Amino acid sequence: MNKMPVIENYIEINGEIILIDSLPKEKREEIAEMLQNKLMESMGYQRIKAIK
């Protein structure tokens, strides 16, 4: 009867700590893209926007 650990992710936005799962899907996707861009930039990559 071992319980699985619960992992909760929080982010600080404008000085307020917010549970990521409480944000709307669009806002979570926007934050995910910003985090991906920061990680890519730190390794020397740059995102190229697709032409529509």
Side-chain angles (χ1 to χ4, degrees):
M1 296 229 306
N2 292 334
K3 288 186 177 182
M4 293 297 293
V6 176
I7 299 172
E8 295 180 336
N9 294 303
Y10 292 85
I11 189 163
E12 183 176 341
I13 301 175
N14 296 327
E16 184 179 353
I17 298 176
I18 301 170
L19 179 64
I20 288 181
D21 290 340
S22 69
L23 296 171
K25 182 180 178 185
E26 296 80 21
K27 187 67 173 175
R28 288 193 312 258
E29 290 174 352
E30 179 184 327
I31 290 169
E33 186 174 328
M34 288 189 312
L35 291 172
Q36 287 175 348
N37 288 341
K38 291 291 183 186
L39 284 168
M40 289 175 17
E41 287 173 7
S42 71
M43 294 184 286
Y45 293 94
Q46 184 176 4
R47 182 182 299 271
I48 299 173
K49 297 280 184 177
I51 299 173
K52 294 181 180 181

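Predicted model only: the values in this text are computed from it and were never measured.
From Ile13, atom CD1 reaches atom CD1 of Ile20 across 8.0 Å, with rounding to the nearest 0.5 Å. Rounding to the nearest 0.5 angstrom, the gap separating the CE atom in Met34 from the CD atom in Glu30 is 5.5 Å. Taken to the nearest 0.5 Å, the NZ atom of Lys27 stands 8.5 Å off from the CD1 atom of Ile11.
The local environment of CE in Met4 is sparse, with at most 12 non-hydrogen atoms from other residues, nucleotides or ligands closer than 6.0 Å.
Under the 4.5 Å side-chain contact rule for hydrophobic residues, Tyr10 and Leu35 do not share a cluster.
For the residue pair Glu8 and Leu19, the shortest heavy atom distance occurs at CB-CD1, 3.8 Å. A pairwise comparison of heavy atoms in Met40 and Gln46 identifies CE-C, 4.1 Å as the closest pair.
Under the salt bridge (Lys or Arg N to Asp or Glu O under 4.0 Å) criterion, Glu41 pairs with no residue at all, not counting sequence neighbours.
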